[in-house]
Amino acid sequence: MTQSSVTIWTTILLLGLGTFLIRYSFLGAIGNRRMPAWFLRMLRYTAVAVLPALAAPLAMWPDATGGQFDPARMAAGIATVGAGAATRNTLAAILAGAATLIIGLYLS
Amino acid sequence: MTHTSDPKTRRSAALAASRARALARSPMQSVWHGMVQSLPFLLVMVPFGLLFGVVADAAGYDLAQITGFTVLVLAGASQFTAIQLLSDNAPIWLVLLSSLAVNLRMAMYSASLVPWLGGASQPARMAVAYALVDQTFALSVDYFQNTPQLRMAQRLGYFTGTAILICGSWMLFSLLGATLGRAIPDTIPLDFAVPITFLAMIAPALRSLPHAAAAGVAVVMSLLLVGLPAGVGPMIAALLAMLTGAAVELRLNRQRGAAA
């Protein structure tokens, strides 16, 4: 790790403050006032936009294999999405992904 | 076909009974009920919390910094995003922008809770905001919607119960992971718990066309933009994905409007 302690604590404090303000936004400051429709529409897709964008490169080129494509990890990613979409259950998706990863690594 | 009404009446009778039980609970009993209903999520919070501690410890963060992350930020996915990007030496503004973008969905949670908790006191709303994570939100909004007649103290009690168990276990187990992390054998593929958890959190939403389109654009664009400096590719991919989701939703709405 190359960051200074100051950088890390600045990140922690600003991230903590920013996250709190996001969570407090409507409940605290904005309340029942109307927000622009386009803004609310974009908010609906933040999670399904940000998390796959972060996960896809990790699944395709995992750090653990030095960035080499790994069939077991790719299969685990696909199993996670498949089980999650089929059952609509986060826990079922995690278990399916973890089981696939363990079996896949055992076989390879 | 004549039998279909039977399970339906049974289900509505069960719902009425659970509503009556919810309304009869004291605020303290509501706290307890919130904790009990949060128990299944321990299966996620325990390994995910341990993992954050282990990953942060392996990345060289000390116990005070790891505590700072879990107590002051208290948002798993963005904590992982932040330490991932910090380790990649991404500039601090990009670390903050990406990590906060992961949490933007919580503005939706905040908005969704206004009809239920908007009338609570200022300190109570601040406390709720602090503990507003995916699981506490999902459990609470479901409980509130199922029993709209709950009193404010019952609602706040239930939310408190979910927060104690879910946020408490996240803090406890990430610190445990940070201190015991070195004892976990290298053969356990902990590295992949992060992407699996990210994918598992969004997969249940993929049945709607706009959500699936957004996620598809996010995946394709982040893979295409992988050569960019740390964090920039996912950021651009996510922005394009959000626009895609909003555009597809708007188009579907127009089509429905035209058909009606």
Side-chain angles (χ1 to χ4, degrees), chain A residues 1-3 7-16 18-20 22-28 31-32 35 38 40-64 73 76-77 80-81 83-85 88-91 93-94 97-98 101 105, chain B residues 43-44 59-60 65 68-69 72-73 75 77 81-82 86 89 92 95-96 99-108 110-111 113-114 117-118 125 128-130 132 189 191-192 195-196 198-207 211 214-215 218-219 222-223 226 234 237-238 241-242 245-246 249:
Chain A
M1 191 176 54
T2 49
Q3 276 78 26
T7 309
I8 292 164
W9 276 108
T10 309
T11 309
I12 292 173
L13 290 175
L14 291 178
L15 187 54
T19 303
F20 175 77
I22 290 171
R23 290 164 165 164
Y24 188 60
S25 58
F26 288 88
L27 265 177
N32 275 322
M35 295 296 293
W38 63 266
L40 292 175
R41 197 172 290 122
M42 297 262 295
L43 282 186
R44 260 197 282 284
Y45 302 100
T46 48
V48 288
V50 177
L51 296 179
L54 291 167
L58 295 174
M60 191 67 102
W61 302 289
D63 285 342
R73 286 180 170 78
T80 306
V81 173
R88 290 200 173 205
N89 183 318
T90 298
L91 193 56
I94 289 178
L101 181 59
L105 288 177
Chain B
L43 282 168
V44 185
Q65 292 163 340
F69 265 117
L72 296 176
V73 183
T81 306
L86 279 171
N89 283 317
I92 188 165
V95 176
L96 286 169
S99 309
L100 287 174
V102 172
N103 291 339
L104 261 186
R105 69 186 185 285
M106 293 165 184
M108 278 301 285
S110 187
L113 285 180
V114 167
L117 300 177
R125 277 180 287 148
V128 167
Y130 169 72
L132 190 55
D191 66 285
F192 214 60
I196 280 186
F198 282 4
L199 293 173
M201 282 164 83
I202 56 101
L206 295 184
R207 284 185 168 190
H211 286 86
V219 166
S222 68
L223 293 179
V226 79
M242 283 161 70
E249 184 193 312

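Because the structure is a prediction, the values reported are computed rather than measured. Side chains are part of it too, since the values below use all heavy atoms of this structure and drop only hydrogens, waters and symmetry mates. Naming convention: chains lettered A, B, ... in sequence-line order (proteins, then strands); numbering from 1 in each chain.
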Trainee: Which bit of A:Ile12 comes within less than 4.5 Å of chain B, counting heavy atoms only: side chain, backbone, both or neither?
Mentor: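 Backbone plus side chain of A:Ile12, per the 4.5 Å heavy-atom cut-off to chain B.
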
Trainee: To the nearest 0.5 Å, how far apart are CD1 in B:Ile196 and CG in A:Leu58?
Mentor: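 Answer rounded to 0.5 Å: 11.5 Å.
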
Trainee: To check you understand the geometry: which heavy-atom pair defines the closest contact between B:Ser110 and A:Phe26, and what is its length?
Mentor: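 Where B:Ser110 meets A:Phe26 most closely, the heavy atoms are OG-N, 3.1 Å.
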
Trainee: To the nearest 0.5 Å, what is the distance between CG on A:Leu91 and CG on B:Leu43?
Mentor: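 One finds 5.0 Å between CG of A:Leu91 and CG of B:Leu43.
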
Trainee: Which residue out of A:Pro62, A:Ala98, A:Ala93, A:Pro52 racks up the most heavy-atom pairs below 4.5 Å with chain B?
Mentor: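 Most heavy-atom pairs under 4.5 Å with chain B: A:Pro52.
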
Trainee: Looking only at heavy atoms, what is the nearest atom pair of B:Pro234 and A:Ala53, with distance?
Mentor: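 It is O-CB, 3.7 Å.
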
Trainee: Quick check for you: to the nearest 0.5 Å, what is the distance between B:Glu249 atom CD and A:Arg41 atom CZ?
Mentor: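 Output value for this atom pair is 5.0 Å.
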
Trainee: Could you measure the distance from the CD1 atom of B:Ile202 to the CG atom of A:Leu54? Nearest 0.5 Å is fine.
Mentor: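 Reported value, rounded in 0.5 Å steps: 11.0 Å.
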
Trainee: How long is the span from the CG atom in A:Leu105 to the CZ atom in B:Phe192, to the nearest 0.5 Å?
Mentor: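 One gets 9.5 Å once the value is rounded to the nearest 0.5 Å.
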
Trainee: Closest approach of B:Ala129 and A:Phe20, non-hydrogen atoms and distance?
Mentor: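 The pair with the smallest heavy-atom distance is CB-CE1, 3.8 Å.
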
Trainee: Would you mind checking which part of A:Leu101 comes under 4.5 Å of any heavy atom in chain B, side chain (CB onward), backbone (N, CA, C, O), both or neither?
Mentor: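 Contact with chain B is through the side chain of A:Leu101 alone.
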
Trainee: Most heavy-atom pairs under 4.5 angstrom with chain A, which of B:Ala101, B:Ala241, B:Ala203, B:Ala82?
Mentor: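 Most heavy-atom pairs within the cutoff with chain A belong to B:Ala203.
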
Trainee: Name the member of B:Leu117, B:Val128, B:Leu206, B:Leu100 that forms the most heavy-atom pairs with chain A at distances under 4.5 Å.
Mentor: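 Of the options given, most contacts go to B:Leu100.
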
Trainee: Picking from A:Leu13, A:Ile22, A:Asn89, A:Thr80, which has the most non-hydrogen pairs under 4.5 angstrom with chain B?
Mentor: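 Top count of heavy-atom pairs under 4.5 Å with chain B: A:Ile22.
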
Trainee: State which residues pass side-chain hydrogen bond (donor to acceptor under 3.5 Å, both in side chains) with B:Ser99; sequence neighbours excluded, sorted by chain then number.
Mentor: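 Partners of B:Ser99 under the side-chain hydrogen bond (donor to acceptor under 3.5 Å, both in side chains) test: none.
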
Trainee: Do you know which of B:Arg125, B:Met106, B:Arg207 has the most heavy-atom pairs under 4.5 Å to chain A?
Mentor: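 Of the options given, most contacts go to B:Arg207.
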
Trainee: Could you tell me which non-hydrogen atom of A:Thr11 sits nearest to which non-hydrogen atom of B:Leu96, and how far apart they are?
Mentor: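 In terms of heavy atoms, the two residues are closest at O-CD2, 3.8 Å.
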
Trainee: Side-chain contact test, heavy atoms from C-beta onward, threshold under 4.5 Å: evaluate it for A:Trp61 versus B:Leu223 and give yes or no.
Mentor: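 Yes, at least one pair of side-chain atoms sits under 4.5 Å.
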
Trainee: Would you mind checking which part of A:Met42 comes under 4.5 Å of any heavy atom in chain B, side chain (CB onward), backbone (N, CA, C, O), both or neither?
Mentor: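 Contact with chain B: backbone and side chain both.
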
Trainee: Heavy-atom distance under 4.5 Å to chain A: side chain of B:Ala215, backbone, both or neither?
Mentor: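 Both parts, backbone and side chain.
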
Trainee: By salt bridge (charged side-chain N to carboxylate O under 4.0 Å, His left out), which residues pair with A:Arg73, not counting sequence neighbours?
Mentor: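 Scan of A:Arg73 (salt bridge (charged side-chain N to carboxylate O under 4.0 Å, His left out), adjacent residues dropped) gives A:Asp70, B:Asp191.
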
Trainee: So which of B:Leu72, B:Val73, B:Val95 has the biggest tally of heavy-atom pairs under 4.5 Å with chain A?
Mentor: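 The candidate making the most pairs under 4.5 Å is B:Val73.
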
Trainee: Can you say whether B:Val226 sits under 4.5 Å from chain A via the side chain, the backbone, both, or neither, judging by heavy atoms?
Mentor: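 Side chain of B:Val226 only, per the 4.5 Å heavy-atom cut-off to chain A.
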
Trainee: If you count heavy-atom pairs under 4.5 Å between each of B:Ala214, B:Ala237, B:Ala111 and chain A, which one has the most?
Mentor: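 The candidate making the most pairs under 4.5 Å is B:Ala111.
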
